[in-house]
Amino acid sequence: MRKLIAGNWKMNGAQAWTVKPAGFDRIYAAQDRNHIDILICPPFPFIRELFTSAGGRNIFVGGQNCHANENGAHTGEVSAEMLADCGASFVIVGHSERRAAGETDTEVQNKAKAANRAGIVPIICVGETLDQREAGHAESVVENQISGSVPDGLTEYVIAYEPVWAIGTGKVASVDDIKGMHAHIRKICGATVRILYGGSVKPANAAEILATPNVDGALIGGASLDMADLAAIAKAAG
Ligand code: 13P
């Protein structure tokens, strides 16, 4: 399966960062990475210009969230159609930082449907908390999130497994934990869905994580802000 190396800039960046794809390209040239997909998800205001600077470099651009509706009286929200109009090919939905703020499986499912309606690919995030893992419930939590968040009949989507306790903490799930959870997700979602791992992925641990069975890429927060790190992770995808 073609690996997807996806950067989630979260609420970081500036208009000046739209030169970053050129920096990435200098380190890892487009013609050398035809076998993998690179994606950067910046904050909304930078999507259009990043798309312009990244498009010719074979780097996809995506959103970090979207609203379920196409338009309407939803102050402060952005629809999947608007993301597509700005050049986005993907949108992250159900990130744990949004679930922690109250986003439910049903809302995530509606956002994934909206992405599909707009012709962009949803990256549906799932992952357990430390308490849930320690109680032995990691697999059932993730299974419930998938059944609640993935729309029935949807075929083109990506799952990002991000254990909440590994995000931004420097703690990475063990290779055995990743292997077990990704095999579990594979059984639920089938052979054609790309399953990303996220949570403190760095150049130093990327090769081992990306070589784990059923890991089809990574969703990277902190390390995606630095093009040298993001390129090193992409190179580690083999
Ligand atoms: P970090 O790579 O900073 O741990 O963030 C992971 C993440 O939340 C990506 O969506």
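Atoms within a ligand are numbered from 1 in the order they appear, just like the ligands themselves. Quick note: numbers below take in every heavy atom, side chains included, and nothing from hydrogens, waters or symmetry partners.
- Closest to atom 9 (C) of ligand 1 among all protein heavy atoms lies Glu162 OE2, 2.9 Å.
- Remark: the backbone N or O of Ile27 is paired with a side-chain donor or acceptor of Lys235 at under 3.5 angstrom.
- Counting heavy atoms only, Gly168 comes closest to atom 4 (O) of ligand 1 of the residues Ala218, Ser96, Ala160, Gly168.
- Interatomic distance, CD of Glu143 versus CE of Met181, reported as 9.5 Å (0.5 Å rounding).
- Between Gly221 and ligand 1, a contact under 3.5 Å exists for at least one N or O pair.
- Ligand 1 has no N or O atom lying under 3.5 Å from any N or O atom of Thr169, backbone or side chain.
- Among the atoms of Glu97, none of the N or O lies under 3.5 angstrom from an N or O of ligand 1.
- For the pair Tyr197 (side chain) and Gly199 (backbone), a donor-acceptor distance under 3.5 Å is present.
- Here is the list of ligand 1 atoms found below 4.0 Å of a heavy atom in Ala166: 4 (O).
- For the pair Gly222 and ligand 1, the shortest N or O to N or O distance falls below 3.5 Å.
- Numbered from 1 in the order shown, with element, the atoms of ligand 1 that lie under 4.0 Å from a heavy atom of Leu219 read 9 (C), 10 (O).
- Counting atoms of ligand 1 from 1 in the listed order, those under 4.0 Å from a heavy atom of Asn8 are 9 (C), 10 (O).
- When only interatomic distances are considered, the shortest N/O to N/O separation between His95 and ligand 1 falls below 3.5 Å.
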